[in-house]
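Encoded as structure tokens, the structure appears first; notes follow it.
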Amino acid sequence: MQTKHLVNSDRLWKSLMDMAKIGATEKGGVCRLALTDLDRDARDLFVKWCKEAGCTITIDQMGNVFARRAGKDNSLAPVVTGSHIDSQPTGGKFDGVYGVLAGLEVIRSLNDAKVETLRPIEASIWTNEEGSRFAPAMISSGIFGGAFELEYGLNRPDLDGKTMGEELKRIGYAGKEPVGGRPFHAFFEAHIEQGPILEHDKKTIGIVQGGLGQRWMEVTMTGVESHAGPTPMRIRKDAMVGAAHVITAVNKIGHSYPHACATVGLVQCSPNSRNTIPGKVFFTIDLRHNEDEVLTKMAQEAKAAAEKAAKENGLELDYKEIWYLPPVKFSADCVQAVANAASELGFSHMPIISGAGHDSFYINRVAPAAMVFVPCDGGISHNEIENATQEDIAAGCSVLMRAMIERANSL
Ligand code: HGY
Ligand code: MN
Ligand code: MN
């Protein structure tokens with residue numbers, strides 16, 4: 001069957017490449033951390049493009065940006081699409097921003113085709129999806145979905161103690177609109193898969209059924225700083241040794257359950273000097289699984305391993321869980337709308353579960369939501385070499401557009 005693109009593939013690709021210049025890194029990726037000047041510049045560019053496409057712009061108190069294209073009946077709840085524009089420190093050109101610019105491309109293509117939908121359509125940016133600068137992830141969509149209070153989000157600090165509220169004000173995106181409390185008729189998010197399945201199975205579109213649950217912990221192990229030379233091994237209270245035991249245990253937990261994921265991604269050692277025994281080590285744990293009970297067991301085992309390592313190495317332990325996201329199941333109607341669109345447009349497709357978290361996970365709590373995945377090279381993401389093909393990027397956007405039109409013309 002001949003596949004059909006509904007969108008302007010070259011224009012979408014160019015907007016992605018232009019946006020990737022903001023925070024571009026030597027190795028071809030982006031570093032555009034949440035609420036930095038680069039995040040502001042990217043937001044400003046998106047807003048400029050959306051205004052040129054005839055949209056009206058609304059910004060809420062967490063800096064979420066909504067670009068609205070009017071429909072025939074603007075009293076009806078909109079169909080919304082979007083994702084995030086903040087990146088990892090060594091992020092790629094597509095993670096998040098593809099979903100933001102795919103939403104703009106849908107609006108631009110509707111304008112080109114002079115199509116008026118019954119319902120208004122909105123393209124959106126969700127603040128601090130990555131949870132890299134400000135933990136946890138997906139805070140702003142989480143507030144929209146009722147998982148966190150606004151005050152909690154505004155007061156989340158980065159590692160230098162700057163809060164989200166202060167940084168939103170600083171970059172000029174502390175909006176007035178309340179976060180949430182308004183209905184979406186449906187929400188769709190286009191995103192690269194960030195894993196190897198679609199590429200391996202040679203499918204263009206992933207019909208995302210839902211996503212893994214997550215538990216994030218912050219751990220501080222405290223021993224005694226002392227001289228690396230005269231301090232005998234038997235009397236040391238070495239925080240790095242304790243942390244090493246926990247890090248190894250977390251990795252073992254990840255391997256011990258099928259489809260589990262377990263990662264220690266952030267480690268800070270103090271005083272971080274080569275000839276001083278580390279007195280304090282701070283690190284994070286990221287556990288994921290599609291079954292809530294298994295995720296709970298993994299978390300219990302990680303905590304037990306930390307307590308054992310602290311005891312055996314004479315260390316103080318501060319261990320706290322800072323985030324729990326239950327496994328997600330998307331709305332059957334929206335998932336079906338994506339599947340129908342992929343079939344009607346002739347793109348190969350398969351059902352898939354997301355290993356990564358996304359803003360639609362929380363929006364799914366207050367509105368029917370689903371996602372459209374496209375492959376990325378080698379399944380690599382959260383890496384500057386992250387890449388996708390223009391063909392797949394346009395295919396995913398066409399499926400997004402078709403699904404959105406179907407929902408936007410339904411009562
Ligand atoms: O961590 C995640 O899954 C997402 O990239 N924030
Ligand atoms: Mn993402
Ligand atoms: Mn990401």
Side-chain angles (χ1 to χ4, degrees), residues 16 19-20 23 25 29-35 39 42 64 81-103 124-142 145 147-148 153 156 187-195 197 206 208 210-218 254 259-266 284-290 295 322-328 352-364 369 371-376 379-388 393 396 400:
L16 277 161
M19 187 62 86
T25 61
V30 293
C31 176
R32 201 170 48 223
L33 295 186
L35 304 184
D39 185 358
N64 299 318
T81 186
S83 190
H84 60 96
I85 215 158
D86 65 303
S87 81
Q88 288 284 324
T90 52
K93 293 197 275 282
F94 301 91
D95 178 3
V97 64
Y98 166 48
V100 172
L101 296 179
S124 57
I125 293 175
W126 296 85
T127 299
N128 189 60
E129 185 279 342
E130 287 293 3
S132 177
R133 182 182 174 194
F134 303 95
M138 298 126 74
I139 295 180
S140 306
S141 48
F148 308 116
R156 292 305 290 158
F187 183 84
F188 293 97
E189 181 173 5
H191 207 289
I192 51 171
E193 177 201 336
Q194 300 180 291
I197 298 168
V208 189
L212 299 187
Q214 300 189 34
R215 285 183 184 269
W216 282 17
M217 291 77 177
E218 288 183 350
H259 315 301
C261 295
T263 312
V264 173
L266 189 162
T284 61
I285 299 174
D286 173 327
L287 303 176
R288 305 191 188 200
H289 202 276
N290 198 29
L295 185 61
I322 65 153
W323 185 38
Y324 163 54
L325 170 75
V328 171
I352 193 167
I353 297 281
S354 175
H358 300 284
D359 290 309
S360 26
F361 285 22
Y362 275 131
I363 297 161
N364 185 54
M371 293 186 74
V372 183
F373 270 2
V374 295
C376 55
I380 300 279
S381 182
H382 285 196
N383 183 317
E384 293 160 276
I385 64 165
E386 176 188 280
N387 198 22
I393 287 289
L400 173 72

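Small disclaimer: the values here were computed from a predicted structure and weren't measured. When a ligand or atom number is given, it counts from 1 through the structure's own listing order. Both backbone and side-chain heavy atoms feed into the values below; hydrogens, waters and symmetry mates do not.
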**Study point:** Side-chain H-bond candidate by donor/acceptor type, Trp126 with Asn64, under 3.5 Å
**Key:** no

Practice item. Return yes if a side-chain donor-acceptor contact under 3.5 Å exists between Glu384 and Thr90, otherwise no. Key: no

Check your understanding: Between Asp359 and Ser141, is any side-chain donor less than 3.5 angstrom from a side-chain acceptor?
Key -> yes

Point to revise | Metal proximity, Glu129 vs the Mn ion (ligand 2), N/O/S cut-off 2.8 Å | key: no

**Study point:** Glu130 atom OE2 and His382 atom NE2 as seen from the Mn ion (ligand 3), angle to 10 degrees
**Key:** 110°

Study note, to complete from the structure: All heavy atoms of Glu218 vs all of Ala135, minimum pair found to be OE2-CB, 4.5 Å

Check your understanding: Checking His84 side chain against Asp86 main chain: does a donor-acceptor pair fall under 3.5 Å?
Key -> yes

Exercise for review: Just give me the atom name: the N, O or S atom of Asp95 closest to the Mn ion (ligand 2).
Suggested key: OD1

Please produce the table of protein N or O atoms sitting under 3.5 Å from N or O atoms belonging to ligand 1, one pair a line, distance to 0.1 Å.
from, atom 1, to, atom 2, distance (Å)
ligand 1, 1 (O), Arg288, NH2, 2.8
ligand 1, 3 (O), Arg288, NH1, 2.7
ligand 1, 3 (O), Arg288, NH2, 3.3
ligand 1, 3 (O), Gly357, N, 2.6
ligand 1, 5 (O), Glu130, OE1, 3.2
ligand 1, 5 (O), His382, NE2, 3.2
ligand 1, 6 (N), Glu129, OE1, 3.3
ligand 1, 6 (N), Glu129, OE2, 2.9

Practice item. May I have the angle between His191 NE2 and His84 NE2 with its vertex at the Mn ion (ligand 2), rounded to 10°? Key: 110°

Review point. If every non-hydrogen atom of Tyr324 is compared with every non-hydrogen atom of Tyr362, which pair is closest and at what distance?
Key: O-OH, 4.4 Å

Check your understanding: Of the non-hydrogen atoms in Ser124 and Val100, which two are nearest, and what is the gap between them?
Key -> O-CG2, 3.7 Å

**Study point:** Minimum heavy-atom distance Gly265-Thr284, with the two atoms named
**Key:** N-OG1, 3.8 Å

